[in-house]
2 protein chains.
Amino acid sequence: MRAAKDRSVVEDYVKVIYAHTEWQPEPITTSVLAARLGLAASSVTEMVKKLGSAGLVTHVPYGAVELTSEGIRLALRMLRRHRLIETWLVEVFAYGWDEVHDEAEVLEHTLSDRLLEAIAGQLGEPSRDPHGDPIPTADGRVLRPEAVLLRDAPEGSIGRIVRISDRDPTLLRYLLDEEITLDVELTVLGRKPFGGALAVQAGAVEHDLGEEATASIWISTGEPSPAGGVPLETS
Amino acid sequence: MRAAKDRSVVEDYVKVIYAHTEWQPEPITTSVLAARLGLAASSVTEMVKKLGSAGLVTHVPYGAVELTSEGIRLALRMLRRHRLIETWLVEVFAYGWDEVHDEAEVLEHTLSDRLLEAIAGQLGEPSRDPHGDPIPTADGRVLRPEAVLLRDAPEGSIGRIVRISDRDPTLLRYLLDEEITLDVELTVLGRKPFGGALAVQAGAVEHDLGEEATASIWISTGEPSPAGGVPLETS
DNA sequence: GGTAGAATTTCGGTGTGCCGAAAATCAAGA
DNA sequence: TCTTGATTTTCGGCACACCGAAATTCTACC
Ligand SMILES: [Mn+2]
Ligand SMILES: [Mn+2]
Ligand SMILES: [Mn+2]
Ligand SMILES: [Mn+2]
């Protein structure tokens, strides 16, 4: 008997599969999935087979893993949980935005729906988390702001930061220190030679950002307010 | 690899062992432990052996299971977690006292120390949970009010309710309905013939309480305020 | 003191998610 | 088209907490 743990393993697989294609639409392979989950490739191949039998993913051998509509539904549920919890920790308990991910990673599997929705209510049903990731609604709709990776933004473009990946807490601390946070407006000045840093201007200050940073920051070059957006999944 | 789950299994064993002797000092056997945990006796025997190797319990074969000081320390830590969470759910999220136990049973294993202590701070370091169970301090001290089981209270005695077991939610709902709650003053009127109900008076109202209820309610016949108490464990 | 019945432990076995090594498959270049 | 190196899957095994049945041990009672 192993009910609780089982559930959370499945939940993690599905969540990671979804998250991988959320901002950059590239299908995920078992080996990438293994890397993200910190597991051996062989373990993931086996588990993916089980997820397939459970109707959560499709997987052509040697090919990509893709979520079914049921898989998407579960993934959005988990993302809502993860991101609400992160938001809650920041808002109610004054956690730093670099400190919330690990705790959310555990709690997303264990809070009851009742408690989670009570928290969402107390927070006023927020629409994005501390890193700019959209929080799906309880009925599985999600609005992702149109955005480009800072690394891919053309020279001279101006954009507002709409998302910063929370994968590396060190980076988050560095960026906060430099006052590069959500909603800050950036101007892309240009790239230093030989694959070097990207020069950007934030307010009056100029920064040289490395690959690590520019591959983690998304900017929106469109309208100045988070009014618009792309309905990503409506499962 | 199975770190999280492992921990919570051990935590549950230790917590149940401690809780069994908290209000009535009777040593616990493997079979009673199995019943409390909802497991087969054989499973418990094996696990107890492992807990022994881990230095958490002592167990003479065919005899009682007893916590070591390290086991008591872990048990008190878990009881603090469980009871703080129950209190928090009632205070902050308006859960009923009959609704908190199951959620706490899960969350006690998954909240970080940091979050738990933040919650304790917001609640003002409460000293008892919604059912009157004492909340151990973070450094493992606990003050249990002197109390007798209502079933064992002599006829004519007067006492204040200091604890109601939260094992049966149905009973909790019934008692709340009858306004028999923590701190209510009871007078034991007498027992109906043939092992029947116990008649008690609460305020102006008279109640006939069955075995189920009288074996779940503890009253304090001593001083009227929760000033005194017995330092139960100071591990 | 001997013995039946109850309590407890031992034993063989299960399901799950995981791993490393070996085998199979794919894809790119020659 | 063939080869080769990388990716992916298959295979045998492991650890863990659990279970039921069988064996052991204890405890009353005679
Ligand atoms: Mn996160
Ligand atoms: Mn986030
Ligand atoms: Mn409880
Ligand atoms: Mn309680």
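First the proteins, then the strands, lettered A, B, ... as listed; each starts at 1.
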Just how far, in rounded Å, is [atom2] of [N] from [atom1] of [X]?
| X | N | atom1 | atom2 | answer |
| --- | --- | --- | --- | --- |
| B/Arg7 | D/dC16 | CZ | C1' | 16 Å |
| B/Tyr62 | D/dA23 | OH | P | 13 Å |
| B/Glu11 | D/dA17 | CD | P | 12 Å |
| A/Leu51 | C/dG17 | CG | P | 9 Å |
| A/Tyr13 | C/dT16 | OH | C1' | 12 Å |
| B/Lys49 | D/dC16 | NZ | P | 15 Å |
| B/Leu39 | C/dT8 | CG | P | 15 Å |

Given D/dT8, C/dG17, D/dA21, which nucleotide is nearest the side-chain atoms of A/Lys50? C/dG17

Selected nucleotide, minimal atom distance to A/Met47 side chain, candidates C/dT8, D/dA17, C/dG17: C/dG17

Tell me whether the side-chain N or O atoms of A/Ser43 pair up with the base of C/dG17 as donor and acceptor below 3.5 Å, since no angle test is needed here. no

What I want to check is whether an N or O donor and acceptor connect the side chain of B/Glu46 with the base of D/dC16 at under 3.5 Å. no

Sequence-distant partners of A/His82, ring-ring contact (aromatic ring centres under 6.0 Å, His included), two or more places apart: A/His101

Is a donor on one side and an acceptor on the other found under 3.5 Å between the side chain of A/Arg83 and the backbone of A/Asp129? no

Does B/His20 use its side chain to pair, donor to acceptor, with the backbone of B/Glu26 at less than 3.5 Å? yes

Counting only heavy atoms from other residues, nucleotides and ligands, does the tally under 6.0 Å from CD of A/Glu66 exceed 12? no

Select from A/Pro61 and B/Ser42 the residue whose nearest nucleotide in DNA chain C is closer to the 5' end of that strand. B/Ser42

Phosphate oxygens OP1/OP2 of [N]: is one of them under 4.0 Å from a side-chain N or O of [X]?
| X | N | value |
| --- | --- | --- |
| B/Thr30 | C/dT9 | yes |
| B/His59 | C/dT8 | no |
| A/Ser31 | D/dT7 | no |

May I ask you to check if B/Arg114 and A/Tyr95 form a cation-pi contact, with NZ or CZ under 6.0 angstrom from the six-membered ring centre and within 45° of the axis? yes

